[in-house]
Amino acid sequence: MAAPKRRTLADRNNDAISREDKPAIKEAAPVAPVVQEPAMLPTRETKTEAPKRAKPVGRPARTIDVTRVGIYLTPEQFINSKAAYLADWTNGGEANTFTNWIGEALTTHAKRSPKQRQKNAIQRPVRAEKRTGSSRSFNVPTEAVQKMRAAINEEHAIERWLSDSAWCGEALNAAIHAAQERNGGTLPTPPERLPNRLTR
């Protein structure tokens, strides 16, 4: 095999000149690398949390429906009603508020027949000619008020036409008398202001 031909100086110069005539290859501008931003971590503002239960404001919501009832009571009736409520509680009654006791008194009176209620009213002391009492309002369970009004309508058949206030007064008198009998014929002396709720 023949040895390769040795290049002369002239050959090398010609090669250099020919390379200079060729246009220079333009290099592409460097492309900045795409940097992916890290996912935003939840902050105190963006963090999803379960909604917090709102704190109750003021008195708690009532668990039963109530209706306001106005009852005309003498000072003696009002004191005796409070005393009867305390006596019934002492003797195992379930009404732990004064208004619940009034509701029970109305419900019990409504269960009586119209003639039984009339007989009870006849035995009651006659109201004094001079008005010494005042009308007091109570938030009584609505169910008791509904039974009271149904009983008042029943009494129309025996020609008794009572207002809500008068009927409630008779119901409380009957409840006072019953509580006194259950307590051995006496009633306790109630405080001027009753507790909001009694507990055992």
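We're numbering straight along the sequence, starting at 1. Below, each value reflects all heavy atoms present in this structure, side chains not excepted, and no hydrogens, waters or symmetry copies.
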Checking the side chain of Tyr85 only, and the main-chain atoms of Pro190 only, is there a donor and an acceptor separated by less than 3.5 Å?
no
Check: Cys168 and Leu106 side chains under 4.5 Å, non-hydrogen atoms:
yes
Discussion item. For a 4.5 angstrom cut-off between non-hydrogen side-chain atoms, does Arg149 reach Trp167?
Written reply: no
Worksheet entry | side-chain hydrogen bond (donor to acceptor under 3.5 Å, both in side chains) between Asp88 and Trp101, worked out | CA-CA 9 Å; Asp88 279 345; Trp101 180 84; 2.9 Å; yes
A cation-pi test, strictly: NZ or CZ of Arg136 under 6.0 Å from the centre of the six-membered ring of Phe78 and no more than 45 degrees from its axis. Yes or no? yes
Checking the side chain of Gln77 only, and the main-chain atoms of Thr74 only, is there a donor and an acceptor separated by less than 3.5 Å? yes
- same_hphob_cluster(Leu162, Phe138) at 4.5 Å side-chain heavy-atom cutoff: yes
Carboxylate-amine/guanidinium proximity below 4.0 Å for Glu170 and Arg160:
yes
Only residue of Arg117, Lys147, Lys115, Arg112 satisfying salt bridge (charged side-chain N to carboxylate O under 4.0 Å, His left out) with Glu154 is Arg117
*Does the side chain of Arg200 come within less than 4.5 Å of Trp89's, by heavy atoms?*
yes
Within the structure provided, determine whether Leu86 and Leu198 are in side-chain contact (heavy-atom separation under 4.5 Å).
yes
- [ ] Return the orientation label for the His156 and Trp161 ring planes: parallel under 30°, perpendicular over 60°, tilted otherwise.
- [x] parallel
Of all heavy-atom pairs linking Ala171 and Ala105, the shortest is CB-O, 4.0 Å
